[in-house]
**Q** 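Below is a structure I'd like to ask you about.
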Amino acid sequence: MSTIKQEITELVKEAIYFAANRGEIGNVDVEKIYIEIPKRKEYGDFTTNIAFSLAKEQGVSPHIVAKAIVRSIKKNETIEHVEVSEHGFINFFISKHRLYKVLKEIMEKDTEFGGGDLGRGKKVIIEFVSANPTGPLHVGHGRGAAYGDTVANILAFLGYEVVREYYINDVGTQIDNLGKSVKARYLQLLGQDVPFQDEWYKGEYIIDLGNKLVERYGNTARDYDISFFIDFAKLEILEGIKQTLAKFRVYFTNFISEKALYESGEVKKVVDKLDELCYLYKDKEAILLKTKEFDDEKDRVIIRSDGSPTYFLGDIAYHKNKFERSPSFLINVLGQDHHGYVERLKASLSALGYPKDSLKILLYQLVTLTRCGNPVSMSTREGEFVTLDEVIDEVGVDASRFFFISKKLDTHLDFDLELAKKRNLDNPVFYVQYAHARICSILDKAKKMGIELGTYDSVDLSLLRLEEELSIIKKLSLFPDEIRETIYEPSHLTLYLIEVATRFHNYYNHYRVISSNLDLTLARLTLVNCIRIVLRNVLKLLGISFPEKM
RNA sequence: GCGCCUGUAGCUCAAUGGAUAGAGCAACGGACUUCUAAUCCGUAGGUUGUGGGUUCAAGUCCCUCCAGGCGUGCCA
């Protein structure tokens, strides 16, 4: 079932086609049609500026073109009225009858309303968070987690087969430093005087790990190899990360270990393959990949002069691994601080023969944490940071997730701990949840009074004639369009939620749903129930709870 | 130096190149004998960082400059 917006788009396309056939306007590319919601209600429910672009191409006035198009529009039950503005906009007014059908669709589809089969038969592997297991997650990771999880939810809702993946960088310099840091702390706790190097991890959690080792092994581990400490620390930290993610309602299908890619020989295979393709060369004992041939600004080292591989090499192998699982496309959610890395990664995949555009990289701008406007530091290595865990405990999962998602990806996000705890429209999650709870309360009261929600056919929806009621239905009807248009920018969904909630709260304060007029009560109960369904469906996608009582 | 992102009301943010740039917060004034006042209604608040350009139309696209963030490793 198509949405009203889709119907109108089709009608306009047809009309242009007919008008062109009759020679009233020239031939045009009908794919360019864009239907939008006008800012002012006197301009109708939907509008299009298509006449302007056509007029330009054909040297006629927009008004004349618009008139010609309108003459060719097939009248049907959806459209109450079409008019051409003096400038040349074509404005559509939707019939009440069609709006009532929206309510029917919402009731029938319920939890599925807004979803669809856009992605049927398509598989997507989405990688997000992928924080190094060298310390707990911090606030910045929270944005990637909330965003990646939401996008994954949306894609799944639209019918894609979604694989959620976390890539663990568990080899290399940083992880070695982690092992050394933990060993040093452990030995210090045993009373040894061990120097602590500057590039090591200084966080409190390293000492905690040292303490755990003392508890578990006493002093028997003091001569163990560094790899023992690496494995121990890695597992402990990773376990902590998984717990934080679970608390944040973020789950992964797979955790892929970089180390495992080495052990399975996949990394070596990639090197051989690249060598075979003649994209490798030696420079001062180091081995470089000719990424420059694929639009990178220079070639990149994949194996250092000392024979150790770079992180980049593991990543190439990992992406090859992903492609070999035959996805329709890949998504990587990365912090903006990794953007310098995008070109070389894409270049390496081109070298392997994978199409460049089958990897979609979504960069989010960095997060700064503040309290009452004062910055809070966030360096993992220096150990001065607030963990995501602490933030969740302080402000709650719902408020945190909403906050992370509510800003556009490419804007810097200032996460203010005090602001996130406020319970007003500065922090709209409660506002939206409150609307949901209020509706549940109404439905509950009706039920206790013995009034059951009727089916579509048994309720006289034509009693919903108020401007406010019709405006709400129009807004609800846009949800399926909204979600398809903003898959990768879910901040729009938070705005949508607020708009729906605002309309509801306003309505609630001016009119009573349950009254002595049973028919009207049934009609209004149907309306608020549909609002509830839409609010719930969106909140679910955002990983936010929808309480029945507050 | 070069590259990416951002700059809109006092604050946080909206506005696929469209019609008179919108919300909330804060401020001020109102609304609970009613289905939840975590709500609602009203008032006030703007040279869209700067200067040019593109066009029927620019907050939006292009260029200059200013300010902030990030990147530019044989770090990850």
**Q** When only distance counts, do a donor and an acceptor, one from the side chain of A:T47 and one from the base of B:A19, lie under 3.5 Å apart?
**A** yes

**Q** Test for a donor-acceptor pair under 3.5 Å between the base of B:C4 and the side chain of A:Q336, counting only N and O atoms.
**A** yes

**Q** CD1 of A:I37 versus P of B:A14: gap in Å, rounded?
**A** 19 Å

**Q** In whole angstrom, give the distance that lies between atom CD of A:E42 and atom P of B:G18.
**A** 18 Å

**Q** Students often get this wrong, so: under 4.0 angstrom with heavy atoms, is A:H63 touching a base, only sugar-phosphate, or nothing?
**A** nothing

**Q** When only distance counts, do a donor and an acceptor, one from the side chain of A:H338 and one from the base of B:G71, lie under 3.5 Å apart?
**A** no

**Q** For the P atoms, the ones on B:U43 and on B:C25, what distance do you get once it is rounded to whole angstrom?
**A** 15 Å

**Q** Using atom C1' of each nucleotide, how far apart are B:A44 and B:A27 to the nearest Å?
**A** 9 Å

**Q** Tell me whether the side-chain N or O atoms of A:H87 pair up with the base of B:G18 as donor and acceptor below 3.5 Å, since no angle test is needed here.
**A** no

**Q** Using atom C1' in both nucleotides, what's the gap between B:A67 and B:G51 to the nearest angstrom?
**A** 16 Å

**Q** So which of A:K407, A:H339, A:Q336 actually passes side-chain hydrogen bond (donor to acceptor under 3.5 Å, both in side chains) with A:Q365?
**A** A:Q336

**Q** Per the atom types in the model, does the base of B:U20 pair as donor or acceptor with the side chain of A:R40 at under 3.5 Å?
**A** yes

**Q** Rounded to whole angstrom, note down the C1' distance from B:U39 over to B:C32.
**A** 10 Å

**Q** Taking 4.0 angstrom as the limit, do A:E499 and A:K475 come out as a salt bridge?
**A** yes

**Q** Using the side-chain heavy atoms of A:L495, tell me which of these nucleotides is nearest: B:A14, B:C74, B:C41.
**A** B:A14

**Q** Less than 3.5 Å between a donor and an acceptor, one on the side chain of A:S305 and one on the base of B:C74, is that the case here?
**A** yes

**Q** According to the 5.5 Å centroid and 30° plane-angle thresholds, does A:F89 stack upon the nucleobase of B:A19?
**A** yes

**Q** With rounding to whole Å, what would you report as the distance between B:C41 and B:C62 at their P atoms?
**A** 39 Å

**Q** Taking Watson-Crick (N1-N3 plus N6-O4 or O6-N4) and G-U wobble (N1-O2, O6-N3), each under 3.5 Å, can you produce the dot-bracket string of RNA chain B? Use [ ] for crossing pairs and | for inter-strand ones.
**A** (((((((..((((....[...)))).(((((.......))))).....(.(((..]....))).))))))))....

**Q** Which whole-number value in Å describes the distance from A:F46 CZ to B:G18 P?
**A** 17 Å

**Q** Using the C1' atoms only, state how far B:G18 lies from B:C35, rounded to an integer number of Å.
**A** 42 Å

**Q** Let me have a per-nucleotide readout for nucleotides 55-60 of chain B, 5' to 3', with B, S or -, counting only protein heavy atoms under 4.0 Å.
**A** SB----

**Q** Verify the contact: side-chain N or O of A:K298 to OP1 or OP2 of B:G73, cut-off strictly under 4.0 Å; return yes or no.
**A** yes

**Q** Does OP1 or OP2 of B:C41 have a side-chain N or O of A:N506 closer than 4.0 Å?
**A** yes

**Q** Taking atom C1' in both B:C70 and B:A31, what distance in whole Å separates the two?
**A** 49 Å

**Q** When rounded to the nearest Å, what value does the distance between C1' atoms of B:A15 and B:G52 take?
**A** 25 Å

**Q** Over all strands shown, is A:E285 touching base, sugar-phosphate only, or nothing at heavy-atom distances under 4.0 angstrom?
**A** nothing

**Q** By the 4.0 Å heavy-atom rule, please label A:H505 as base, sugar-phosphate, or nothing.
**A** sugar-phosphate

